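Okay, structure first, notes after.
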Amino acid sequence: MYGWIWRHLPGNAWIRALTCLVLMLAVVYLLFQYVFPWAEPLLPFNDVTVDNGMAAVR
């Protein structure tokens, strides 16, 4: 997949590397701004159960 992207980007190696960096930063930005906030209520991270049956022994 990465080879396909690299071959289809315009320019020499430096321009391709800069374009790849910009694309990666854009993907990370989109994930943090839109995808993760949308998915957070659907994930079970806040469904915590604590067993109060036995206290810690010191």
Side-chain angles (χ1 to χ4, degrees):
M1 176 176 86
Y2 299 113
W4 182 88
I5 294 171
W6 185 259
R7 286 190 305 272
H8 286 84
L9 289 174
N12 59 17
W14 288 106
I15 300 298
R16 288 179 181 180
L18 182 62
T19 306
C20 283
L21 178 65
V22 169
L23 287 173
M24 286 188 291
L25 290 175
V27 167
V28 169
Y29 174 79
L30 289 173
L31 285 172
F32 275 100
Q33 291 298 316
Y34 299 103
V35 177
F36 294 156
W38 168 80
E40 192 268 333
L42 304 174
L43 298 174
F45 295 133
N46 291 332
D47 298 338
V48 179
T49 57
V50 179
D51 186 19
N52 290 333
M54 186 171 177
V57 178
R58 291 185 178 184

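Given the structure is predicted, the values throughout are model-derived calculations rather than measurements. Values below: every heavy atom of this structure, side chains too, minus hydrogens, waters and symmetry copies.
For W4, the side chain to side chain contact (heavy atoms under 4.5 Å, CB included) partners at least two apart in sequence or on another chain are R7, H8. Residues passing the side chain to side chain contact (heavy atoms under 4.5 Å, CB included) test with L23, sequence neighbours excluded: L9, T19.
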Listing, residues 30-41 side-chain donor-acceptor contacts under 3.5 Å, not counting sequence neighbours, or none:
none

